[in-house]
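This report concerns only the one structure given below.
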Amino acid sequence: MKLKSVLAKYPLANLHQDRDATKRYLGSIKAHLGLIKKIKLVFGVLIVIFGFLILFELDRHLEASLTDMLPEVWVNFITKF
């Protein structure tokens, strides 16, 4: 009895007992891996975009336009610290 309660706390140790639970567990892992691949793709695209911005020195113009849009209090706070 005590062994089952210990195994219930650790899903990997308990996977051999139930095939359906194993399929559900592996399915959830695959779903998370798909999400991770999408996140990696988004970050890769962002890195390429910012790389081009830096290469063509457009990052300075973007920073200047964003700084102009910020309230003066925020700009003073950012530049102070």
Side-chain angles (χ1 to χ4, degrees):
M1 236 12 200
K2 191 166 189 129
L3 180 63
K4 283 189 177 182
S5 65
V6 170
L7 290 176
K9 292 181 181 177
Y10 304 103
L12 289 177
N14 199 17
L15 285 178
H16 69 280
Q17 294 181 0
D18 188 7
R19 285 187 154 208
D20 293 332
T22 304
K23 288 181 182 179
R24 284 192 308 270
Y25 185 72
L26 293 177
S28 69
I29 289 174
K30 287 180 183 178
H32 288 288
L33 289 177
L35 178 65
I36 290 171
K37 285 182 182 180
K38 289 177 185 176
I39 291 171
K40 281 183 173 182
L41 178 66
V42 168
F43 277 113
V45 169
L46 286 174
I47 287 173
V48 169
I49 289 171
F50 283 110
F52 279 118
L53 286 173
I54 292 169
L55 182 66
F56 296 115
E57 296 182 357
L58 297 174
D59 59 328
R60 296 176 187 176
H61 299 290
L62 180 65
E63 181 184 358
S65 64
L66 289 176
T67 305
D68 288 340
M69 286 191 284
L70 287 175
E72 192 67 31
V73 175
W74 289 14
V75 175
N76 291 338
F77 180 76
I78 292 170
T79 55
K80 185 176 182 178
F81 297 105

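Leu70 and Leu66 fall into different hydrophobic clusters, defined by Ile, Leu, Val, Met, Phe, Trp and Tyr side-chain heavy atoms under 4.5 Å apart, directly or through other members. Linking ILVMFWY side-chain heavy atoms closer than 4.5 Å, directly or via other members, places Phe56 and Ile47 in two distinct hydrophobic clusters. Hydrophobic clustering, with ILVMFWY side chains joined whenever heavy atoms are under 4.5 angstrom apart, groups Ile49 together with Leu55.
Taking the ring pair (Phe, Tyr, Trp, His ring centres under 6.0 Å) definition, one finds that Phe52 meets it with nothing, sequence neighbours left out.
Distance check: Arg24 CZ to Ile29 CD1 gives 13.0 Å after rounding to the nearest 0.5 Å.
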Which atom pairs, one a donor and one an acceptor, fall under 3.5 Å between side chains of residues 71-81 and the rest of the protein, sequence neighbours left out?
from	atom 1	to	atom 2	distance (Å)
Asn76	ND2	Glu72	O	3.3
Thr79	OG1	Val75	O	2.9
Thr79	OG1	Asn76	O	3.2

Side-chain donor-acceptor distances from residues 34-46 under 3.5 Å, at least two apart:
none

